[in-house]
Amino acid sequence: MRVFQLQRWSAIALLFFLTIHMIVVHYPPFHINFDNILVRLENPVWKVIDILFLLSVLVHALTGAYQVITDVDRAFDYRKGLAWAAAVIGVVAFVYGAATIWAFQLPV
Amino acid sequence: MTNDVIIHDVVVVGAGLAGTWAAMTAAENGVKDVAILSKIHPLRSHSGAAQGGIAAVLNNVRPVAGTGPRGPLEQIPPGEDPVDSFDLHMFDTIKGSDWLGDQDAIEILVKDAPDVVVQYEHMGCVFSRTPDGRIAQRRFGGHSAPRANFSADRTGLVLLHTIHEQALYHNVKFYSEWYVMDLIIEDNIARGVVAINVLTGKIQMIRAKAVMFGTGGYGQAYKVTSNAYANTGDGVAMAYDAGAPLMDMEFVQFHPTGLYRHGFLMTEACRGEGGYLINKDGDRFMSKYAPEKMELAPRDLVSRSEQTEINEGRGVMEDGQGLFLDMRHLGREKIMERLPEVRDLAIAFAHVDAIDEPVPIQPTAHYSMGGIPTTADGEVLANAKGDLVTGFFAAGEVACVSVHGANRLGTNSLLEASVFGRRAGHAIADFVKGGAKLYPVTSDPVKRNHQQVQQLFDNDGPELVEDIVQELKTTMTNKAGIYRNEEDLKSALDTIHRLQQRFKNIRVMDKSSRFNTNLSMTLEAKHLLTFSEVIVQGALNRTESRGAHSRTDHPKRDDESWLKHTMAHKGEDGRPQLSYKDVTLYWDRFPPQERKY
Amino acid sequence: MYKTTGFISFFLRRLTGIALVLYLFMHLWVIGSATGGPEVFNARLNAVQTPIFKLLEIALLAAVVYHAFDGIRLLIVHYFDVTDYRKSLFYAAFVVAAILTVAGGIPLFLFMLEGAG
Amino acid sequence: MSNDNTQRTVTVSIQRFDPDVDKKPHMQDYQVEMTKGMTILDALHEIKTHQDGSVTYRRSCRHGICGSCAMLINGRNTLACKTPLIDEVGHKNRVTLGPLPYLPIIKDMVVDRTTFWEQYLRVKPWLIPPDDIPEKEFRMSKEEVNALHDAESCIMCGACYSSCTVIGLNKHYVGPHALLKAFMRVMDPRDEAPGQRLADLDGADGVYRCHTVFNCIDACPKGLNPTQAIETLRKLAQKRKKFETTRRKRQQHLHEPIPAK
Ligand SMILES: Cc1cc2nc3c(=O)[nH]c(=O)nc-3n(C[C@H](O)[C@H](O)[C@H](O)COP(=O)(O)OP(=O)(O)OC[C@H]3O[C@@H](n4cnc5c(N)ncnc54)[C@H](O)[C@@H]3O)c2cc1C
Ligand code: HEM
Ligand code: SF4
Ligand code: F3S
Ligand code: FES
């Protein structure tokens with residue numbers, strides 16, 4: 001398993017998810033507020049899609065950042081540490097993001 | 001000055017095919033400590049510029065039956081009769097050499113050839129192929145069967161890279177960009193060399209049990225040349241200065257197809273693949289000079305024919321000094337597959353695409369038949385009697401075994417560098433393992449060379465090195481070129497003597513120690529002046545025409561008096577002293593004949 | 001510095017990539033407020049719905065589409081052997097990105113005016 | 001085609017630097033009488049031999065085959081000996097020369113290529129042949145030979161290496177020249193260990209450090225395509241095992257004639 005592969009595959013996944021995301025969330029006249037989003041996220045399929053989107057964007061972003069940093073000669077020698085740091089950040093951000101998506105629920 | 005001394009078992013000067021083969025073979029055969037010094041990075045060696053091919057009797061292809069000697073080629077189906085043989089290759093080489101080649105050495109060259117080529121292949125060299133996957137072969141001038149094994153038109157490059165990789169694999173130590181400036185021979189025993197580490201400018205002595213030279217040719221003595229800037233004959237000059245003899249130096253090959261005005265080679269493969277030579281009137285003029293072989297006659301003959309056409313006013317281009325090499329009829333596909341580099345060269349330098357237009361060419365100084373005389377095992381001869389210089393070896397273009405005699409056939413020199421480089425490697429391994437000693441150096445060569453450099457720096461005279469070199473080159477081209485005569489040669493000798501005097505008043509512009517190429521160019525100029533004198537002296541004495549040496553005042557070959565090698569020693573007065581050595585002939589098999597193509 | 005179309009595309013891709021990462025984390029933080037309930041979320045979201053942010057959003061769009069199409073170009077090169085078309089592909093990616101930025105930017109811009117008015 | 005007949009004086013602006021004397025590089029102008037067919041290398045030779053012997057550069061073959069004279073000409077890496085002066089001077093009558101970028105300067109246009117050669121060595125450029133060596137040549141098809149065409153024409157001039165943005169950032173990266181060589185060995189049906197080679201290149205400083213900047217293609221004076229080689233290696237690296245098996249199968253027929261089509 002290679003950072004490179006992760007980045008390419010996540011890029012392909014992003015192509016799909018990001019297009020959807022841009023259209024349904026950011027494209028006017030959609031107005032972003034809690035209720036509007038809730039309408040969509042009530043559907044568990046959308047929840048799954050958003051979680052996968054979150055996952056791929058995090059993988060892509062963090063591998064990307066990792067590549068940018070390890071491209072520098074001096075950082076290259078610390079790449080193990082950097083990879084772990086990226087993984088930790090990724091997990092935290094994923095949990096945080098997943099909690100966010102989870103939060104869009106009708107009050108019980 | 002101990003910190004100035006480096007010690008190895010074997011030190012090889014020159015990282016072309018010859019030097020690298022020797023080093024690699026010695027290392028492969030149990031000599032642990034082999035070092036190569038090269039004034040340019042090994043992969044920049046001039047062997048890499050060779051285009052056409054390397055000769056060997058493999059019998060992979062033959063002319064299609066019934067199409068005549070210049071017809072298309074096809075692979076020989078398994079089980080069918082071979083068309084080529086060792087005897088044929090030998091005969092072609094001997095005839096090419098105008099019977100001046102030593103036939104025992106030629107026999108070795110020819111018989112080792114298939115093995116060397118196959119070894120290249122096993123080491124990873126990428127050859128062009130026949131449809132059934134064997135090494136493809138093409139025709140070459142003076143060869144009566146297709147036996148040039150090739151890799152498109154970059155054969156030398158591929159061979160050089162292959163052998164360099166092998167030397168790396170065998171842990172040969174490379175000193176890249178070390179300029180060797182002196183050879184240490186004391187009491188007829190080679191003890192090492194003195195070199196400048198170009199990067200730092202430091203002068204150091206490298207001592208070794210065996211010293212080998214594979215320093216290449218000396219084409220830079222001529223104005224229009226196919227040779228690299230690096231081919232300044234350092235090796236021959238250093239050996240000569242150190243007391244070793246030089247052999248057959250007057251034989252300098254002019255290649256018929258140098259790119260007009262630039263001299264870069266349009267490989268003979270252009271004609272081997274079927275290209276024509278045409279003059280101003282559009283005639284294939286070779287029909288006059290070599291009705292049978294036409295464009296594929298040997299180089300000396302074709303170059304002379306061209307020069308005659310030019311002299312008689314049938315040349316092309318504005319100064320009438322060129323002729324055309326026409327490859328249009330070969331078609332795009334063949335040119336792209338087999339001659340891509342040549343096409344690129346013509347486009348880059350002459351703005352001519354060989355697919356659509358004929359390429360302007362002219363004869364160009366190309367190969368040095370002469371050099372340091374050696375045995376077939378690369379051991380350097382000390383004199384015409386056949387005594388050896390202990391611990392001194394040479395192979396490749398710097399050496400004269402002699403397999404090329406008065407004229408080399410195309411593709412025989414990559415072969416020579418490989419075969420005799422390899423043999424020298426074996427001989428060196430035996431020599432070192434047979435208990436060779438590391439002889440002490442009694443004089444102080446580092447100091448001596450240091451002083452020489454300091455003197456050049458301090459000199460600060462009015463003369464520029466380049467002016468001297470340019471005058472030398474012009475003189476050599478005009479007076480010791482394709483056609484020679486007594487008057488011209490005498491005047492050339494005068495000029496060289498005058499230039500040697502002027503050299504004493506030169507100025508080296510760059511006096512720094514770091515990467516001083518100005519200094520190395522100056523030392524090279526000195527070498528040019530040294531061996532050019534030997535070329536001219538040898539040519540002046542040889543009152544006959546043989547192979548590449550063509551005297552208008554002595555137009556016939558004269559076996560009676562001149563079937564012998566010229567040997568030149570540096571005399572007491574610093575002038576070349578000539579003596580002569582017999583040619584080894586197999587009288588029963590290849591007696592001298594008239595040379596007609 | 002060695003400047004070619006290859007370098008320019010690389011540089012822009014990097015720049016947009018890093019910008020997008022920064023945006024991503026900001027974005028996560030903003031919408032992360034949803035865990036605090038609708039009020040917090042809407043409040044924080046309103047803070048980033050001012051015209052300035054809307055303009056930035058157009059820049060974001062530009063960055064995303066450029067990055068995406070340049071990325072697609074690399075994916076194409078990776079999966080199909082088309083290095084010969086590297087320059088045309090770069091111009092194509094750039095032009096498509098520009099068109100999409102304008103096409104997406106105009107509604108966004110109008111939307112912004114609307115929201116402001 | 002440019003008009004070759006214009007003889008005129010042109011300015012050759014050269015970046016000078018001798019670390020023993022200078023603190024940092026500076027530009028120095030020379031006037032050269034341009035003659036017909038003059039190349040950049042000819043102009044440098046004229047300057048070095050007649051005007052200023054301390055101007056330093058590497059050269060040998062004069063016709064683009066030895067790889068010595070790669071340098072930065074008007075902001076592009078190429079071979080000085082293959083570049084006509086007239087094509088570069090433009091209407092400003094001026095050309096700017098400097099050393100290959102991203103490499104330590106030894107003097108003027110001469111750069112320190114240590115890392116370049118180390119990386120070349122790292123890919124084990126030699127063939128690793130099978131144990132079973134035939135008496136004659138191994139059989140290779142024309143197609144197999146053609147696949148190696150690019151890699152085999154490489155003259156190791158370093159124009160690609162020193163144009164690569166990634167090399168500018170990170171000297172751990174093995175570089176396009178070495179990867180092209182590695183490609184040549186991996187693709188060679190005679191090579192015994194393509195799997196191991198691919199594994200060796202499968203790391204962060206190997207094929208994946210390339211960011212497809214394409215500078216290497218644009219710079220290569222021989223018109224070669226290292227990027228394509230790198231992309232191929234990347235793909236093969238992912239299916240090493242399968243590739244290794246295919247190679248084993250192919251090697252069983254290395255002694256036999258290529259079947260006619
Ligand atoms: C353009 C061209 C095309 C050719 N094509 C063919 C062909 O198709 N077929 C064929 O058979 N032959 C061909 N030849 C001839 C053939 O290439 C040469 O004869 C052969 O390569 C010589 O090899 P070498 O090893 O002796 O020397 P080279 O390859 O010239 O190597 C000389 C080495 O010595 C080193 N050296 C020299 N002086 C010093 C010094 N002072 N200190 C340290 N190192 C030094 C150099 O750095 C270099 O490494 C061609 C020649 C030319 C010029
Ligand atoms: C459809 C959407 C996207 C595609 C197709 C895509 C594609 C790519 C590709 C192929 C690379 C690899 C470049 C290389 O190998 O050098 C890359 C790098 C990168 N991407 Fe994306 N990407 C997309 C969206 C994003 C998003 C949304 C972000 C940010 C959150 C992002 C951040 C990065 C970063 C930081 C890099 C590393 C920079 C670099 O190596 O040049 N990408 N992208
Ligand atoms: S790939 Fe091209 S640019 Fe790179 S070293 Fe080889 S010849 Fe030079
Ligand atoms: S320039 Fe460098 S990044 Fe890759 S495509 Fe060429 S090696
Ligand atoms: S001098 Fe050999 S490549 Fe330019």
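Everything numeric in this text was worked out from a predicted model, so none of it was measured. In the text below, chain A, chain B and the rest are named by the order of the sequence lines, each starting its count at 1.
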Check: Which one, D/Val166, D/Asp205, D/Asp202, leads in non-hydrogen pairs under 4.5 Å with chain A?
Finding: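 Result: the option with the highest number of such pairs is D/Asp202.
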Checklist line | Residue part contacting chain D, namely of A/Gln67, when any heavy atom lies under 4.5 Å | finding: both
Item checked: Any A/Phe76 side-chain heavy atom under 4.5 Å of D/Arg209 side chain -> yes
Checklist line | A/Thr70 side chain reached by D/His172 side chain, heavy atoms, under 4.5 Å | finding: no
When rounded to the nearest 0.5 angstrom, what distance separates [atom1] in [X] from [atom2] in [Y]?
X: A/Arg8; Y: D/Tyr208; atom1: CZ; atom2: OH; answer: 10.5 Å
X: A/Phe4; Y: D/His211; atom1: CZ; atom2: NE2; answer: 9.0 Å
X: A/Asp73; Y: D/Asn170; atom1: CG; atom2: CG; answer: 4.5 Å

Looking at [X], I want to see if its [atom1] is surrounded by more than 12 non-hydrogen atoms of other residues, nucleotides or ligands under 6.0 Å.
X: D/Lys222; atom1: NZ; answer: yes
X: D/Lys235; atom1: NZ; answer: yes
X: D/Arg76; atom1: CZ; answer: no

Notebook entry, point to check: Can you name the closest pair of heavy atoms from A/Arg2 and D/Gly203 and give their distance?
Noted result: NH1-CA, 4.3 Å
